[in-house]
Amino acid sequence: DYWLSLLYKRLIGPKVLAVHVAGLQRKPRPGRVIRDKLRIYAHCTNHHNHNYVRGSITLFIINLHRSRKKIKLAGTLRDKLVHQYLLQPYGQEGLKSKSVQLNGQPLVMVDDGTLPELKPRPLRAGRTLVIPPVTMGFYVVKNVNALACRYR
């Protein structure tokens, strides 16, 4: 919870954006409840984060499926560089693990008062986002110049 909250605070700004996901809409069958196991949220990137210019967008994606999911960004997001912050359990215990890894590296305090550097994994422009099973990730789409995110 700590690492998720820390990343959320550093990357997510106060403005919420609408998300349209093509290909996820399914028609419910009578007597069947559809549970959304892929959740996608979009926000303006925190303008206090000096690593990103105003107008950048942060996607917060939760994959609760038992299989990986692929997401292709479209429109003005398609050809932009993306920074990935992928949080997964670390160790043999899987979801019951007490440790977390960021982009494949375990997250541990440097010492009692020093946080580790939370480095993103740069993804080339146009790349499909691959979200492993039971994983959470933040994806900062850089330099989108989104009008809603340029001003307070």
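These numbers come from the heavy atoms of this one structure, side chains and all, not from hydrogens, waters or symmetry mates. Here, residue 1 is the first one in the sequence, and each next residue gets the next number.
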- Query: Does Tyr139 offer a backbone N or O that forms a donor-acceptor pair with the side chain of Gln84 under 3.5 Å?
  - Reply: no
- Task: Kindly compute the distance separating CZ (Arg10) from NE2 (His48), expressed to the nearest 0.5 Å.
- Result: 14.0 Å
- Message: Would you say CG of Asp111 has more than 12 non-hydrogen atoms from neighbouring residues, nucleotides or ligands within 6.0 angstrom?
- Response: yes
- For the pair Asn46 (side chain) and Lys9 (backbone), establish whether a donor and an acceptor sit closer than 3.5 Å, ignoring hydrogens and angles. yes
- Item | Co-members of the apolar cluster containing Tyr85 [side chain, <4.5 Å] | Tyr2, Trp3, Leu4, Leu6, Leu7, Tyr8, Leu11, Ile12, Tyr41, Tyr52, Phe60, Ile62, Leu64, Leu87, Val100, Leu102, Leu107, Met109, Leu115, Leu118, Met136, Phe138, Val140
- Task: To the nearest 0.5 Å, tell me how far Lys142 NZ sits from Lys80 NZ.
- Result: 11.5 Å
- Determine the minimum heavy-atom distance between Ile57 and Cys149, stating which atoms define it. CG1-SG, 4.3 Å
- Query: So, Lys15 side chain and Tyr151 main chain: donor-acceptor pair closer than 3.5 Å or not?
  - Reply: yes
- Query: Can you tell which of Asn63, Leu38, Leu59, Val130 makes a side-chain contact (heavy atoms from CB on, under 4.5 Å) with Ile71?
  - Reply: Leu38
- Heavy-atom closest contact (Ser67 atom, Pro133 atom, distance): N-CB, 3.7 Å
- Message: Determine whether a donor-acceptor pair (N or O, by modelled atom type, separation under 3.5 Å) exists between the side chain of Thr135 and the backbone of Gln88.
- Response: no
- Query: Do you know the tightest heavy-atom contact between Leu129 and Ile131?
  - Reply: O-CD1, 3.8 Å
- Item | Shortest non-hydrogen contact from His83 toward Pro122 | CD2-CA, 3.8 Å
- Task: Kindly indicate whether the side chain of Ile61, heavy atoms from C-beta on, has any atom under 4.5 Å from the side chain of Arg39.
- Result: no
- Message: Is there a path of hydrophobic side-chain contacts, each under 4.5 Å between heavy atoms, that joins Val141 and Leu17?
- Response: yes
- Criterion side chain to side chain contact (heavy atoms under 4.5 Å, CB included) on Arg150 and Asn145, from CA distance to verdict: CA-CA 7 Å; Arg150 284 190 283 170; Asn145 204 22; 2.7 Å; yes
- Query: Quick one: does Ser56's side chain have a donor or acceptor within less than 3.5 Å of a partner on Thr45's backbone?
  - Reply: no
- Do the side chains of Arg121 and Leu86 get nearer than 4.5 Å, heavy atoms only? no
- Give the minimum heavy-atom separation between Leu81 and Arg124, together with the two atoms involved. CD1-CA, 4.2 Å
- What pair of heavy atoms forms the shortest contact from Gly13 to His43, and how long is it? O-ND1, 3.6 Å
